[in-house]
Every structure is written in C-alpha cells, then in structure tokens.
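Everything below concerns the one structure shown next.
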Amino acid sequence: MELLLDLNVWLALLTLTSMEIVLGIDNVIFISILVARLPEHQREQGRVLGLGLAMLTRILLLLSIAWVMKLTQPFFTVMGYSVSGRDMILLFGGLFLIYKSTSEIHACFEGQAEADPEPKVSSFLFVLIQIAILDLVFSLDSVITAVGMADDVEVMILAIVLAVGVMMFAAKGVGDFVERHPTVKMLALTFLTLIGFTLLAEGLGLHIPKGYIYFAMGFSVIVELLNLRVKSKRQEKSLLKLKSM
C-alpha cells in the first residue's frame, strides 16, 4: 500500500512502461514479420503468444536478477578481451537477427521475381522458437536497464505487463500496415538488420549510443510516411482523372 502512495514509484512506473514500449517496438515488428509466414487463422494467436513469451521472459529474468547481473561479469578472456555471458548472448542474438532479416529481404526479392509466387508457410512451433530466441536477446538489455531505474521488482513487473498490453493492442495494426506496404516492410527489415549489427557491436564491446539508432530509425520512418502520403495523393488524382474522362 505504501508503494501506491509514493510519487517516485509512479514516476518510475511511467518511465519504465514508456521505455519498455519503445524498446519493444522492434520486437513487435519482428513478431509481425514472422507471423505473416503463418496461415491466416493462426496469425493472431501467434502475435499473442509471441508477445506473451516476451512478457514471460522479461518477468523470469527479473525474478532471477542475481543470475542476470552475473552475466555482466567476465566469463572468459580472449587475447586480453574479457567476454561476459551478456556479450555472448548479444553476439549470437545479433548474428541470428542479421541472418533472419537478410533472409526475409532475400525472400521479398525472390517473391517479386516470380510470376505467381505462393507465400511460404512456416510451422507454428518453428515461428514460436524464433520469437523465443529473439525475446531473450531483446529482454536482456531492457531488464538490466530497468534494474538501474527502479528499486522495486513489483514496479518493474507491472511496467512490463502494461507495456506488453499496449503492444498486444497495437501489434495487429502494425503487422497489417507492414504487410500492406512492401516499402514499409523492407524498411522494417533494414531496421532489424541495423539492430542486429548494433547487438553484434555491443557484444564485441563497442558501445553505440541508442539515441543515434532511434533518431536514424525515426527519421527514416518520417521520410517513408511522407512518401506514402505523396503516393496516396497521386493515386487519388489518377482516380479523379479517370472518373472525369
């Protein structure tokens, strides 16, 4: 009850929830692209289970916070460079994300080259396994950041639940929008490739300020939205000309 009366707790909850939503955007995009490979009737279930896995992963990591913090300690040394458990997870996660996003980009170009391409359908279990792998990578940094921003585990768990609730509400709209616009899907895949290289760099000990990454992504999204608006205006003008003829 005392927590509910503490203004600092409410501020920490608001800050953490906002941070979890921002850090979860790439997760939502990744899940949306993966579930697009599923049959239509399984996509909504895939989104919900994927985000549910993300929430469960982050809560379990919080509850085992002593183990998580040990991951930041040197695990072994190679040529004078100390490698921690966190570094290894980021390295493998970055490589997996780069591989997955470039594979999807390749599949997009392959689909355009075929005369009447049939979308490849993935198994439900295989999609969930891929989501679970990336959930672990995406969750690790956000949990370590959350520990540095709040003192109460209850506040951190509530922030994660609220953030995932928002993402579940927005996931279908984001997924449908990405699927309707091929250029947006390509942009999202290049974002995932960029995030993969960032994770790889972090795993190798090269710190890249995330502000630069988010600024570049935000600027690219604004440019793409302007392009979509221009395209929509041109289509409207073309329809008006056809009607007037």
Checklist entry - Which pairs count as side-chain hydrogen bond (donor to acceptor under 3.5 Å, both in side chains) when at least one residue sits in residues 217-230, sequence neighbours excluded? => result T183-E224
Item to check | Any pair counted as salt bridge (charged side-chain N to carboxylate O under 4.0 Å, His left out), so long as it reaches residues 38-51, sequence neighbours left out | outcome: E40-R43, E44-R47, R47-D176
Next on the checklist: Taking transitive links into account, so neighbours of neighbours count too, which hydrophobic residues share a cluster with F219 at under 4.5 Å side-chain distance?
Outcome noted: V223
Next on the checklist: If hydrophobic residues (ILVMFWY) are linked whenever their side-chain heavy atoms come closer than 4.5 Å, directly or via other members, who joins F169 in its cluster?
Outcome noted: none
Next on the checklist: Let me confirm one number: the OG-CG distance from S32 to L51, rounded to the nearest 0.5 Å.
Outcome noted: 8.0 Å
Checklist entry - Which residues satisfy the side chain to side chain contact (heavy atoms under 4.5 Å, CB included) test with F96, sequence neighbours excluded? => result F30, Q130, I133, L134
Checklist entry - Just how far is it from atom CD of Q45 to atom CG of L38, taken to the nearest 0.5 Å? => result 9.0 Å
Item to check | Derivation and outcome, side-chain contact (heavy atoms from CB on, under 4.5 Å), residues V161 and I59 | outcome: CA-CA 9 Å; V161 172; I59 291 173; 4.3 Å; yes
Checklist outcome for this item: In this structure, CD of E104 is separated from OG1 of T190 (nearest 0.5 Å) by 13.0 Å
Item to check | Point-to-point distance, once rounded to the nearest 0.5 Å, from CG of L97 to CZ of F191 | outcome: 13.0 Å
Next on the checklist: Using a 4.5 Å cut-off between side-chain heavy atoms of Ile, Leu, Val, Met, Phe, Trp and Tyr, which other residues end up in the same hydrophobic cluster as I222?
Outcome noted: L226
Next on the checklist: Starting from V48, can I reach I129 by hopping between I/L/V/M/F/W/Y residues whose side chains sit under 4.5 Å apart?
Outcome noted: yes
Next on the checklist: Ignoring hydrogens, what is the shortest heavy-atom contact between I33 and A188? Give both atom names and the distance.
Outcome noted: CD1-CB, 4.3 Å
Checklist entry - Who are the side chain to side chain contact (heavy atoms under 4.5 Å, CB included) partners of L158, not counting sequence neighbours? => result L13, L162
Checklist entry - Are F215 and V221 connected, step by step, through hydrophobic side chains (Ile, Leu, Val, Met, Phe, Trp, Tyr) whose heavy atoms are closer than 4.5 Å? => result no
Next on the checklist: Suppose we screen for side chain to side chain contact (heavy atoms under 4.5 Å, CB included). Which residues come up paired with A201, at least two apart in sequence or across chains?
Outcome noted: L206, I208
Checklist outcome for this item: Here the gap from L194 atom CG to L189 atom CG, rounded to the nearest 0.5 Å, amounts to 12.5 Å
Item to check | Residues that T193 engages under side-chain hydrogen bond (donor to acceptor under 3.5 Å, both in side chains), provided they are two or more places apart | outcome: S101
Item to check | Set of side chain to side chain contact (heavy atoms under 4.5 Å, CB included) partners for F177, sequence neighbours left out | outcome: R180, H181, V184, L225, L228
Checklist entry - What residues join I98 in its hydrophobic cluster, counting side-chain heavy atom gaps under 4.5 Å, either direct or through other members? => result L91, L95, F197, L200, L204
